[in-house]
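Below is one structure, written out as structure tokens, with a few remarks after it.
Not measured: the values here are computed from a predicted model.
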Amino acid sequence: MQNAAAGSSAAWPSRPGMANWPDNDSVRREWMSENMPPVVGPREYQASVDGQVTVSSEKLDIEGAYVAWHTQRHKTSECLRPPTAAHQFVLYCSDEEKGEYRYNDRAWQPYAKRRHQWFIAPAFENRIMWRWRQTESPGLVCRFHLSPHLLEQAASLHLDRAVHRVRLEHRMNIEDALLTEVAFELRDELQQIGDRARSSRYSRALINTFAYRVIKAYADSAGIDSLPAGSRLTDSRKARLEAFIDRHLDQPLTIDDLCREVWLSKYHFCRLFKATYGETPRKFVQRRRIDEACRLLRETERPVTDIALTTGWSGNSGFSRCFKSHTGVTPSEYRRGLL
């Protein structure tokens with residue numbers, strides 16, 4: 001990905017301008033490419049930091065979240081930090097640091113960071129130039145990168161309504177005991193996991209707790225946009241949901257399973273699902289199973305019983321009845337008709 005250090009002629013939008021931020025995912029990406037300086041992901045961002053990562057969540061590969069503890073050397077020269085596609089929440093863990101910073105090409109202003117104070121830099125609009133006073137020892141920093149989508153999901157669950165955008169303000173010198181406690185607890189958990197590339201439910205729970213706290217404390221109701229009446233599932237939620245269903249066709253799927261996958265309450269999920277697909281989740285999943293069964297009957301010579309089990313039925317009788325109700329023929333007749 002291109003680093004933003006090269007600069008860009010595109011003007012940074014002011015906070016009121018973000019009200020026109022596109023809702024559709026594909027339109028949003030196109031709008032970004034035309035109007036915003038290049039943004040980077042958390043790993044590319046980390047490469048811009050002159051320091052050593054001591055522990056991170058990289059091995060867990062938690063979707064929408066990246067957390068790292070790292071040292072940070074101080075230089076007297078200017079240091080550019082590129083904008084990121086994720087919201088940044090930065091905890092300063094060393095003695096007081098003073099200097100100047102320039103946020104999104106605005107005027108330089110003085111700052112002072114103190115131990116266990118947080119810094120919030122909203123996604124896409126967090127290009128920062130730093131000048132700091134030189135110190136003999138590097139600082140220690142904890143950095144959370146949370147995707148806008150993750151915060152939207154957390155807000156939907158926390159507020160029990162469909163949320164399509166969470167707006168945050170840039171803030172500095174925040175003292176929040178809960179966020180700090182979660183950060184240190186997550187550090188301890190990541191250190192115990194070490195380099196083993198596996199999922200940690202506790203780490204995910206801590207990140208969710210962090211996200212809920214952000215929603216409650218730093219995104220007031222004016223900064224959370226709900227989906228209007230007649231809304232549908234976003235493109236990203238559709239893609240995620242359909243991929244989840246296709247991966248689990250051989251297993252029982254409940255409404256609760258589908259709601260959890262896209263982080264919506266049952267009420268809002270069913271409403272948005274019907275508006276998107278024109279049918280209930282149960283009928284959609286059933287049709288998806290039949291489509292896969294047809295493909296297997298066409299492209300393989302596997303026994304009908306095997307195909308029934310692969311597509312989520314416990315036996316031939318129920319599979320055959322459902323298959324005939326959708327296609328007008330039994331599975332065996334469907335296969336013979338292909339010959």
Side-chain angles (χ1 to χ4, degrees), residues 23-29 60-65 147 149-150 152-153 156-157 162 164 197-201 204 208 227 230-339:
D23 297 331
N24 180 274
D25 290 340
S26 60
V27 175
R28 183 183 298 186
R29 286 191 293 271
L60 294 181
D61 194 26
I62 298 175
E63 184 175 358
S147 73
H149 182 57
L150 187 147
E152 290 160 11
Q153 292 174 327
S156 293
L157 287 181
H164 76 99
R198 67 174 180 82
S199 172
S200 166
R201 289 184 178 179
R204 292 172 186 270
N208 287 340
L227 290 171
S231 297
R232 302 184 178 191
L233 292 170
T234 62
D235 291 344
S236 60
R237 277 192 166 121
K238 282 178 60 180
R240 182 182 179 93
L241 183 66
E242 291 171 13
F244 176 79
I245 291 171
D246 289 344
R247 288 197 309 271
H248 297 86
L249 288 178
D250 61 335
Q251 303 171 25
L253 285 172
T254 67
I255 295 291
D256 289 337
D257 294 330
L258 304 183
C259 292
R260 280 193 296 268
E261 186 62 19
V262 292
W263 289 56
L264 288 171
S265 69
K266 186 179 295 187
Y267 169 77
H268 290 295
F269 172 77
C270 291
R271 180 173 62 87
L272 292 174
F273 192 99
K274 185 67 178 291
T276 302
Y277 294 104
E279 58 186 340
T280 66
R282 179 179 176 277
K283 289 184 177 180
F284 180 86
V285 171
Q286 193 174 78
R287 180 166 56 81
R288 210 78 170 184
R289 295 186 196 276
I290 295 299
D291 289 344
E292 177 63 8
C294 289
R295 186 190 69 81
L296 294 173
L297 288 167
R298 289 194 309 268
E299 300 178 6
T300 74
E301 297 181 357
R302 293 168 60 178
V304 171
T305 300
D306 186 27
I307 292 175
L309 296 174
T310 300
T311 51
W313 278 272
S314 58
N316 269 344
S317 59
F319 172 56
S320 294
R321 283 195 304 271
C322 186
F323 191 96
K324 187 170 184 178
S325 71
H326 279 261
T327 66
V329 296
T330 66
S332 298
E333 290 170 342
Y334 180 86
R335 176 172 273 171
R336 284 197 300 270
L338 299 172
L339 300 178

Open item on the list: Between R295 and E292, does any NZ, NE, NH1 or NH2 come within less than 4.0 Å of an OD or OE carboxylate oxygen?
Closed with: yes
TODO: List the atom of L150, the atom of A65, and the distance in Å for their closest heavy-atom pair.
DONE: CD1-CB, 4.0 Å
- [ ] Step through the shown structure and confirm whether more than 12 heavy atoms of other residues, nucleotides or ligands are within 6.0 Å of CD on Q251.
- [x] yes
TODO: Enter the distance from K274:NZ to L233:CG here, rounded to the nearest 0.5 Å.
DONE: 13.5 Å
- [ ] Would you check if F269 and L241 make a side-chain contact, meaning some heavy-atom pair closer than 4.5 Å?
- [x] yes
Open item on the list: When you measure from the side chain of R204 to the backbone of I62, do you find a donor-acceptor pair of N or O atoms at a distance under 3.5 Å?
Closed with: no
TODO: Identify, with sequence neighbours excluded, every residue that meets ring-ring contact (aromatic ring centres under 6.0 Å, His included) alongside H326.
DONE: none
- [ ] Can you measure from NE2 (H248) to CZ (R289) and round to the nearest 0.5 angstrom?
- [x] 11.0 Å
Open item on the list: Would you say T276 and R237 are linked by a side-chain donor-acceptor pair, where the criterion is simply a distance under 3.5 Å?
Closed with: no
Task: Close side-chain approach of F244 and V262, heavy atoms under 4.5 Å - done: no
Open item on the list: Which heavy atom of W313 sits nearest to which heavy atom of C322, and what is that distance?
Closed with: CZ2-SG, 3.6 Å
Open item on the list: Within this structure, what is the OG-OH distance for the pair S320 and Y334, rounded to the nearest 0.5 Å?
Closed with: 14.5 Å
- [ ] With sequence neighbours excluded, tell me which residues meet side chain to side chain donor-acceptor pair (under 3.5 Å) with R288.
- [x] D246
Open item on the list: Rounded at 0.5 Å granularity, tell me how far OG1 in T311 sits from CD in Q286.
Closed with: 10.5 Å
Task: Criterion side-chain contact (heavy atoms from CB on, under 4.5 Å) on R302 and T310, from CA distance to verdict - done: CA-CA 10 Å; R302 293 168 60 178; T310 300; 2.5 Å; yes
Task: Rounded distance (nearest 0.5 Å) linking atom OG1 of T300 with atom CG of D306 - done: 8.0 Å
Open item on the list: So which atom in C270 and which in I255 form the shortest heavy-atom distance, rounded to 0.1 Å?
Closed with: SG-CG2, 4.3 Å
TODO: Indicate yes or no for a side-chain donor-acceptor contact from E333 to the backbone of T330 under 3.5 Å, with no hydrogens or angles considered.
DONE: yes
Task: Heavy-atom pair with the smallest gap, counting every atom of L297 and P331 - done: CD1-O, 3.9 Å
Open item on the list: Applying side chain to side chain donor-acceptor pair (under 3.5 Å), can you list everything that pairs with N316, at least two apart in sequence or on another chain?
Closed with: T305
Task: R335/V329 under side-chain contact (heavy atoms from CB on, under 4.5 Å): CA gap, chis, key distance, verdict - done: CA-CA 10 Å; R335 176 172 273 171; V329 296; over 6 Å; no
Task: SG-CD distance between C294 and E299, expressed to the nearest 0.5 angstrom - done: 11.0 Å
Task: Where F273 and E279 come nearest, the two heavy atoms and their spacing - done: CD2-O, 3.3 Å
TODO: Evaluate the criterion side-chain contact (heavy atoms from CB on, under 4.5 Å) for residue pair V304 and F323; output intermediate values, then yes/no.
DONE: CA-CA 11 Å; V304 171; F323 191 96; over 6 Å; no
